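Below is one structure; the comments refer to it alone.
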Amino acid sequence: MDFDNYQLPLHNPWWDEAFDVGKETKLKELGTAKFIYRHPLTWEFPENSDVVFTLRGPRRIGKTTLLKQIIAGLIRNGHQRQKILYFPCDRIKDFNEIYFLIQNFVLEARAENDRRLFLFIDEISSVADWQRAVKALADDGFLKNTTAILTGSNALDLKKSSERLPGRTGKWFKSDKTFLPLNFKEFYRLTHPQWDAKVHFQEIPKYKKA
C-alpha cells in the first residue's frame with residue numbers, strides 16, 4: 001500500500017522530530033480557548049498496556065482534540081514519535097483498507113525496533129464492518145505490544161461492534177468509553193475553578209423502604 005495515498009505525514013506531523021506538537025492544528029486551537037476541559041482519559045490512558053478500546057460520542061464534541069492531547073502527552077513522556085499513528089477514516093471505503101493500512105504501518109514501524117505502538121483511528125464507525133479489520137489484525141498478531149483507541153459518532157454501531165471483539169479489548173479497564181457534553185456541575189466547575197462542590201451540594205439521601 002502506498003502511504004502517500006493516505007497523506008499519513010500530513011495527519012502525523014509529529015513524525016518530524018523538529019515539529020513542536022503543541023503547534024498541531026487542534027492543539028493550537030485549544031490553546032486559544034478561554035476554558036479548557038480535560039477529559040479523564042488524558043490521564044487514564046493505559047500507555048503501557050495492550051488494549052483496544054472505543055471512544056464514542058457525538059460529532060464536534062472534541063474527540064479528535066482529545067486524541068491529539070493524548071498524543072502530545074505520549075510524546076512528552078518519551079514515546080517514539082514515529083510509533084504513534086493517527087488516522088481519520090473519512091476517506092476509507094471498506095474494512096480491508098483499514099486492515100492493510102494498519103498492517104503496513106506496523107510492519108514498517110517494527111522494522112526499526114519493537115517499541116510500543118499507538119494507534120488512534122478516528123471515526124472508524126463510518127466504515128461498514130470495521131470490527132472485521134480489527135479482529136483480523138489482532139488474530140494475525142499485528143496488535144501485540146500496541147495500545148489503540150477507535151472513535152466513532154455512531155454510538156450504537158460502535159458499542160455493538162466492539163462487543164464482537166471479545167478477548168481483544170484488553171483487561172486494563174472498561175474498554176468502552178463515552179465522551180458526552182458536560183453536565184451543569186461539570187460546566188460550573190470548569191468556569192469556576194475555586195468552587196467547592198462539597199460545600200454547595202449535599203448528597204440527596206437514598207430512599208429507604210419502610
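In this chain, numbering begins with 1 at the start of the sequence shown. Remember, it's a predicted structure, so these values are computed and weren't measured experimentally.
For R76, the side chain to side chain contact (heavy atoms under 4.5 Å, CB included) criterion is met by A72, not counting sequence neighbours. For E47, the side chain to side chain donor-acceptor pair (under 3.5 Å) partners are N77, H79, not counting sequence neighbours.
Here the straight-line distance linking atom CG of L137 with atom CG of L101 works out to 10.0 Å at 0.5 Å rounding. The CG atom of N104 sits 8.0 Å away from the CD atom of E108 when rounded to the nearest 0.5 Å. The structure places CD of Q131 at 9.0 Å from CD1 of I124, a figure rounded to the nearest 0.5 Å. Expressed to the nearest 0.5 Å, how far CD of E123 lies from CD1 of I92 amounts to 13.0 Å. L150 CG to L55 CG: the interatomic distance, rounded to the nearest 0.5 Å, is 9.5 Å.
At a threshold of 4.5 Å between non-hydrogen side-chain atoms, the residues F120 and L74 count as touching. Counting heavy atoms from C-beta on, the side chains of F53 and P46 come closer than 4.5 Å. Taking the side chain as every heavy atom from C-beta outward, F45 and I149 approach each other to under 4.5 Å. The shortest distance between side-chain heavy atoms of D50 and L143 does not fall below 4.5 Å. In this structure the side chain of L85 reaches within 4.5 angstrom of the side chain of W15, judged on heavy atoms. Residues R116 and K83 fail the side-chain proximity criterion, which asks for heavy atoms closer than 4.5 Å. The closest side-chain heavy-atom distance from I98 to F87 is not below 4.5 Å. With a 4.5 Å cut-off on side-chain heavy atoms, D90 and S126 do not count as touching.
Under the 3.5 Å distance criterion, the side-chain polar atoms of R56 are left unmatched by any main-chain donor or acceptor of S125. Judged by distance alone, the side chain of T147 and the main-chain N or O of F118 form no donor-acceptor pair under 3.5 Å. Panel note: side chain D140, backbone F142; no donor-acceptor pair is recorded below 3.5 Å. For the pair K63 (side chain) and G57 (backbone), a donor-acceptor distance under 3.5 Å is present. In this structure a side-chain-to-backbone donor-acceptor pair under 3.5 Å is missing from T54 to T151. With hydrogens and angles ignored, the 3.5 Å screen pairs no side-chain donor or acceptor of R115 with any backbone N or O of N145.
In this pair, W14 and Y86 present their aromatic rings perpendicular. The plane angle is above 60°, beyond the 30 to 60° band.
Ion pairing between a basic and an acidic side chain is recognised when a charged N comes within 4.0 Å of a carboxylate O; E97 and R91 show no such pairing.
Under the 4.5 Å side-chain heavy-atom criterion for grouping Ile, Leu, Val, Met, Phe, Trp and Tyr, L10 is not connected to I84 through any hydrophobic cluster. L66 and W43 end up in different hydrophobic clusters when Ile, Leu, Val, Met, Phe, Trp and Tyr side chains are linked at under 4.5 Å. Cluster membership for V127 and F105, using ILVMFWY side-chain heavy atoms within less than 4.5 angstrom, is shared. When hydrophobic clusters are built by joining Ile, Leu, Val, Met, Phe, Trp and Tyr residues whose side-chain heavy atoms come closer than 4.5 Å, directly or via intermediates, I102 is not grouped with F95.
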Compile the donor-acceptor pairs under 3.5 Å between side chains in residues 22-30 and protein atoms, sequence neighbours left out, one pair per line.
from: E24; atom 1: OE1; to: K26; atom 2: N; distance (Å): 2.8
from: E24; atom 1: OE1; to: L27; atom 2: N; distance (Å): 3.1
from: E24; atom 1: OE2; to: K68; atom 2: NZ; distance (Å): 2.7

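Using a 3.5 Å distance cut-off with no hydrogens or angles, the side chains of N113 and Q80 do pair a donor with an acceptor.
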